[in-house]
Amino acid sequence: MEKEKEIKGMEKLYQAEPEFSFWGVFCHIMFLQAEVIHDKNTGALEKTVILELENMDHTLRTKLLFEGVSLFYMAGLESIDGFDIENNPDYEFDTEKKYMIIDYASNAISFYCRGIEVLEAEKRR
């Protein structure tokens, strides 16, 4: 997948699950942290989100860092029904919104971001 080549740290997820091919396997949000960092030099605000996600049978867990987050929406924390990371079709017009993160089934979470990094990935038996 093209977008996975652009996501930093994907090798961690492939090491944990060599057959990984679909973000939709993640249906539980185990941890969420949102942070706004103020750059004292430029005055800009950088919004980041860390999500720790787990699949339905609790055998695969990953922690993702989303940088440059905008238009963040979340309806609840228990479960999601179709987590996906998509390339934003309007990216050429708004380079701060490179990716769309969505729950395409129930719209429980959605936002845009500039960059993504896989911080951790773990396969449990």
Side-chain angles (χ1 to χ4, degrees):
M1 292 181 182
E2 190 63 33
K3 71 178 162 275
E4 276 73 17
K5 293 178 184 176
E6 300 172 3
I7 296 174
K8 295 182 239 169
M10 277 301 292
E11 68 279 357
K12 296 172 188 170
L13 191 51
Y14 291 131
Q15 188 174 30
E17 178 56 66
E19 302 298 316
F20 177 80
S21 64
F22 180 56
W23 291 102
V25 300
F26 296 109
C27 58
H28 300 290
I29 297 174
M30 307 307 293
F31 174 82
L32 172 106
Q33 176 183 334
E35 187 173 65
V36 178
I37 302 166
H38 180 255
D39 185 326
K40 293 180 182 178
N41 295 325
T42 66
L45 298 176
E46 173 76 10
K47 298 170 187 138
T48 62
V49 168
I50 295 175
L51 275 179
E52 188 168 344
L53 303 164
E54 195 170 68
N55 66 348
M56 185 174 287
D57 64 3
H58 308 286
T59 59
L60 182 61
R61 186 179 278 208
T62 189
K63 186 182 283 187
L64 304 171
L65 168 67
F66 300 92
E67 300 170 310
V69 172
S70 61
L71 299 174
F72 185 87
Y73 168 79
M74 185 167 203
L77 253 182
E78 275 99 43
S79 64
I80 47 182
D81 296 323
F83 180 82
D84 200 8
I85 296 172
E86 296 181 0
N87 289 321
N88 181 5
D90 296 326
Y91 175 62
E92 64 184 277
F93 304 110
D94 189 347
T95 57
E96 289 297 304
K97 296 177 182 168
K98 185 172 186 173
Y99 302 102
M100 295 186 311
I101 290 68
I102 59 170
D103 175 348
Y104 56 82
S106 64
N107 199 29
I109 189 168
S110 65
F111 59 92
Y112 291 92
C113 70
R114 182 184 64 248
I116 303 169
E117 181 177 356
V118 176
L119 299 175
E120 300 173 11
E122 176 186 15
K123 180 76 173 188
R124 299 174 176 187
R125 306 287 172 217

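Small disclaimer: the values here were computed from a predicted structure and weren't measured.
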Verify same cluster id: [X], [Y] (apolar side-chain graph, 4.5 Å):
X: Met100; Y: Leu71; result: yes
X: Met56; Y: Leu64; result: no
X: Leu13; Y: Phe22; result: yes
X: Tyr73; Y: Ile85; result: no

Straight-line distance of [X] [atom1] to [Y] [atom2], nearest 0.5 Å:
X: Glu35; Y: Ile50; atom1: CD; atom2: CD1; answer: 7.0 Å
X: Glu19; Y: Leu60; atom1: CD; atom2: CG; answer: 12.5 Å
X: Leu53; Y: Leu32; atom1: CG; atom2: CG; answer: 9.5 Å
X: Cys113; Y: Lys98; atom1: SG; atom2: NZ; answer: 9.5 Å
X: Lys63; Y: Met30; atom1: NZ; atom2: CE; answer: 11.5 Å
X: Thr48; Y: Leu65; atom1: OG1; atom2: CG; answer: 6.0 Å

- Determine whether more than 12 heavy atoms belonging to other residues, nucleotides or ligands lie under 6.0 Å from atom CD of Gln33.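 Yes, enclosed.
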Which atom pair, heavy atoms only, marks the closest approach of [X] to [Y]?
X: Ile102; Y: Ser110; result: CG2-CB, 4.1 Å
X: Arg114; Y: Tyr99; result: O-CE1, 3.9 Å
X: Asn55; Y: Thr59; result: OD1-N, 2.8 Å
X: Glu46; Y: Gly68; result: OE2-N, 2.9 Å
X: Ala75; Y: Asn107; result: CB-O, 4.5 Å

**Asked** Should the pair His28 and His58 be assigned to parallel (<30°), tilted (30 to 60°) or perpendicular (>60°) ring geometry?
**Response**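 Judged by the thresholds at 30° and 60°, the geometry between His28 and His58 is parallel.
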Once you measure the plane-to-plane angle for Trp23 and Phe20, does it fall in the parallel (<30°), tilted (30-60°) or perpendicular (>60°) bin?
perpendicular
Using a strict 4.0 Å threshold on nitrogen-to-oxygen distance, state whether Lys47 and Glu96 make a salt bridge.
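No, this pair does not count.
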**Message:** Any salt bridge linking Glu17 with Lys123? Criterion: basic side-chain nitrogen under 4.0 Å from a carboxylate oxygen.
**Reply:**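 Yes, this pair counts.
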For the residue pair Leu119 and Glu117, establish whether any side-chain heavy-atom pair is separated by less than 4.5 Å.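 Sidechains of Glu117 and Leu119: in contact.
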Notebook entry, point to check: Considering the options Phe111, Tyr112, Phe72, which one meets the ring-ring contact (aromatic ring centres under 6.0 Å, His included) requirement together with Phe66?
Noted result: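 Filter result, single survivor: Phe111.
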**Asked** Under 3.5 Å, is there a donor-acceptor pair between the Tyr104 and Glu86 side chains?
**Response**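 Note: Tyr104 and Glu86 side chains miss the donor-acceptor criterion.
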Might you work through the side-chain contact (heavy atoms from CB on, under 4.5 Å) test for Phe83 and Ile101, ending with a clear yes or no? CA-CA 7 Å; Phe83 180 82; Ile101 290 68; 3.5 Å; yes
Which of Ile80, Asp84, Ile29 passes side-chain contact (heavy atoms from CB on, under 4.5 Å) with Asp103? Answer is Ile80
For a side-chain contact (heavy atoms from CB on, under 4.5 Å) check, start with the C-alpha distance between Phe26 and Leu51, then their side-chain angles and the critical distance, and finish with the verdict. CA-CA 11 Å; Phe26 296 109; Leu51 275 179; over 6 Å; no
